Amino acid sequence: MKNTIAYGSSDDEKWEPACQCADFHIRTAIARSYGLRMLMESFFEELRREVPDQLYAQALDFRQKTFEAEDFHNYCRQFLLEREQLAAHLAARTARLPSSHSRAWKRDLAKHVLGHHRYQLPVGQGGFNVGTLRDLGPNEAMWQPSLVADAIPFADFMYVYDCGSDPIAGVVQSVRSIVARRPSRRLDMLFVSHFDRDHICGIPHLLHQQRGLRVDTIVMPYLDDIDRMIAFGRSVATSGERTAERFHEDVVVDPVGTMARFGPRQIVMVMPSNEDEGGSSFFELPPAEPPLSDPDGMPWKARDSTGWGSASPAARRTLDGATVVRRIEFDVGGGSEGGWLLKPHVKQASRRDREAFCAAVEVILRWPRGSFREKVKIEKERRGLVTKHRTAVSRAYAWAFGDKNETSLSLYSGPAEPQKAGAVLRNSRTFASARVGWMGTGDAGFKDPETVQRFQDHYRDEIDWVTTFMLPHHGSANNFDPSLFVVGAELFVAAAQPIHSHWKHPAPEIVKAIKASGARFRRVGSSPKSLLEERMVVFWPG
């Protein structure tokens, strides 16, 4: 050590490369420990080019005492993660195949096979997405028909994401078609993104006791009394058909009681992800058992969506019998081989906007300051707000929120462990990877970086596998900024056909940005020809 110091201290030009040499040595040792041989060899090459052998030998004596290696450990971990992700994507290039490909139907390709169809139905300005799953087993004779035939009559599992339109006639017609093609009348899951009329008005027709489907589980966002009034204020700017208005009012006043009329086995309410804005109310509720699948249907498991193994989600029970969860995902038809993942995410309105809304209602109705929070807890007062004071609630929303759409439940639908899954597609234009995931966003707002980052963090394991992305709020520019939202979808879809000329859905600037990125854009309107149907067989190689 003394010789090294003497050698370098008398000449800074020699001391600097000696330190550089030691730094390289430490880095190569760390890289070796992570199995990063190529990275290690690149350091050796750089070392030989820039550091004399004599200085390299002397630097070894003090390398451990001089340099901090933790930052490089983190670098290696990130390097290794990126390399594994790249390897998974490269491996997937031969796993997503057209139905005509010679490898597509080899029996030894898979030990677990699911057929998946999804339909974005042409209801006009609204939302109605139907997804189906069928366990095909290893029998290759079942694969090809599953890519051609209508999946709804034979599905082992069927789910719906939103069911509404403005005007209501569009969704009623589509509901009749779906019900007529479903002999079992079974609907396993209904996901409700939010309580706007054009997303829910078809539910009474879909779940009609005599002429509809029988739903097992309803999943919707957990909105407290204030949140529901905010949602109502946003939606009542326009009027709808009277039965749709009445159902809309009932859902705002008593969402669990209104949904319970349709006879679901369970109602699951998902807490917003931004817990600092209101998640503490979760702990005020009594504990409950987590949601369970119906023994008579295709099995699914409810898991905590934080990624900690297969732990069951923490659950609470409301006084009216709903199950409340904060983080949840549903693994449908899964097991050791694979399954289909349904993963919701809810973002709540900010505390500041909520307080502004409460204050605005108090001013407009001349209520005492601070009284709105207590009044809205009373069902009679809520009923009066949605019937007698609709204009006041609408004005309060416009003042506090402007054009923003806040609380909404998004949903990812795609293979569990997608990096291990392959897919055979029908009538697909490209076969570059195994990405077959779908993302629905309701009327979520993606205009600020923090919201986008939280969304991407929640879907960190799924976002790269989304191939079809539903634009929020029918493609409104008030909800979506293409420069902020990083998602490599191949197809962006807007369910839009505005009946009011001042609505710009989808926004031309968003459509232009999507096409400029090389992705495809599709508008699903009211014409039957605009129906979007995607068919695939997903398998987990044996």
Side-chain angles (χ1 to χ4, degrees), residues 125 164 166 192-201 220-240 242 244-255 258 269 271-272 274 276-279 281 346-409 442-448 451 472-474 476-479 500 502-503 505:
Q125 185 81 359
D166 188 8
V192 178
S193 69
H194 62 297
F195 296 149
D196 275 6
R197 188 193 316 107
D198 61 344
H199 288 254
I200 65 170
C201 66
M220 56 188 182
Y222 178 87
L223 302 182
D224 62 19
D225 299 319
I226 297 173
D227 286 323
R228 297 200 304 279
M229 284 300 156
I230 291 172
F232 184 77
R234 179 176 65 222
S235 188
V236 296
T238 60
S239 60
R242 183 54 200 152
E245 292 285 4
R246 189 160 49 247
F247 177 68
H248 185 213
E249 294 167 2
D250 290 345
V251 168
V252 170
V253 173
D254 180 15
T258 301
M269 306 181 80
M271 274 276 189
N274 46 332
D276 56 317
E277 297 285 3
S281 59
V346 179
K347 190 266 182 186
Q348 189 184 40
S350 72
R351 185 185 301 275
R352 183 180 63 183
D353 290 341
R354 282 162 50 90
E355 291 175 351
F357 174 80
C358 295
V361 173
E362 292 165 357
V363 170
I364 295 171
L365 294 180
R366 298 182 180 180
W367 286 357
R369 184 176 180 180
S371 63
F372 178 80
R373 290 180 178 274
E374 294 304 317
K375 283 180 174 290
V376 81
K377 294 178 181 179
I378 303 171
E379 182 174 341
K380 182 179 178 180
E381 294 286 355
R382 295 197 300 273
R383 182 66 66 178
L385 285 169
V386 302
T387 53
K388 300 177 182 178
H389 303 300
R390 297 166 60 91
T391 302
V393 176
S394 178
R395 288 173 57 195
Y397 175 82
W399 183 84
F401 286 87
D403 291 326
K404 290 185 293 184
N405 286 265
E406 286 291 342
T407 305
S408 202
L409 182 148
D443 278 7
F446 296 117
K447 291 288 285 186
D448 68 275
T451 298
H473 198 193
H474 321 291
S476 171
N478 295 320
N479 291 67
H500 301 283
H502 66 278
W503 291 350
H505 299 162

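Small disclaimer: the values here were computed from a predicted structure and weren't measured.
- For the pair Asp443 and Ser408, the tightest heavy-atom approach, listed with the atom from each and the gap, is N-OG, 3.1 Å.
- Across all their heavy atoms, Ala360 and Trp399 have their closest contact at CB-CE3, 3.8 Å.
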Go through the steps to decide whether Asp227 and Arg354 satisfy the test side-chain contact (heavy atoms from CB on, under 4.5 Å), and finish with yes or no. CA-CA 8 Å; Asp227 286 323; Arg354 282 162 50 90; 2.8 Å; yes
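- The two atoms that bring Ala244 and Arg197 nearest to each other are CB-CD, 4.1 Å, heavy atoms only.
- Heavy atoms only, all atoms of each residue included: Phe446 and Pro472 are closest at CD1-CG, 3.8 Å.
- Taking the ring pair (Phe, Tyr, Trp, His ring centres under 6.0 Å) definition, one finds that Phe247 meets it with nothing, sequence neighbours left out.
- Contacts of Asp254 classified as salt bridge (charged side-chain N to carboxylate O under 4.0 Å, His left out), with partners at least two apart in sequence or in another chain: none.
- Scanning for side chain to side chain donor-acceptor pair (under 3.5 Å) contacts around Thr258 gives an empty result, with sequence neighbours left out.
- Taking both residues in full, the closest heavy atoms of Pro221 and Val192 are given as CD-O, 3.0 Å, listed atom of the first, atom of the second, then distance.
- Every residue two or more places apart in sequence or in another chain that forms a salt bridge (charged side-chain N to carboxylate O under 4.0 Å, His left out) with Glu249 is listed here: Arg242, Arg390.
- Between the side chain of Asp196 and the backbone N or O of Asp198, no donor-acceptor pair lies under 3.5 Å.
- Val252 pairs by the side chain to side chain contact (heavy atoms under 4.5 Å, CB included) definition with Arg228, Met229, Phe232, His248, Val386, not counting sequence neighbours.
- Under the salt bridge (charged side-chain N to carboxylate O under 4.0 Å, His left out) criterion, Arg382 pairs with Asp225, not counting sequence neighbours.
- Taking CG of Leu409 as the reference point, atom OH of Tyr222 lies at 15.0 Å (rounded to 0.5 Å).
- Partners of Arg383 under the salt bridge (charged side-chain N to carboxylate O under 4.0 Å, His left out) rule, at least two apart in sequence or in another chain, are Asp250.
- Residues Glu379 and Val253 are in side-chain contact: their nearest non-hydrogen atoms beyond the backbone lie under 4.5 Å apart.
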What pairs of donor and acceptor atoms, side-chain ones from residues 365-375 against any protein atom, are under 3.5 angstrom apart with sequence neighbours left out?
{"unit_1": "Ser371", "atom_1": "OG", "unit_2": "Pro368", "atom_2": "O", "d": "2.6"}
{"unit_1": "Glu374", "atom_1": "OE2", "unit_2": "Lys377", "atom_2": "NZ", "d": "3.4"}

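- Rounding to the nearest 0.5 angstrom, the gap separating the CZ atom in Phe357 from the CD atom in Glu362 is 10.5 Å.
- Taken to the nearest 0.5 Å, the CG atom of Asp353 stands 12.5 Å off from the CD1 atom of Ile226.
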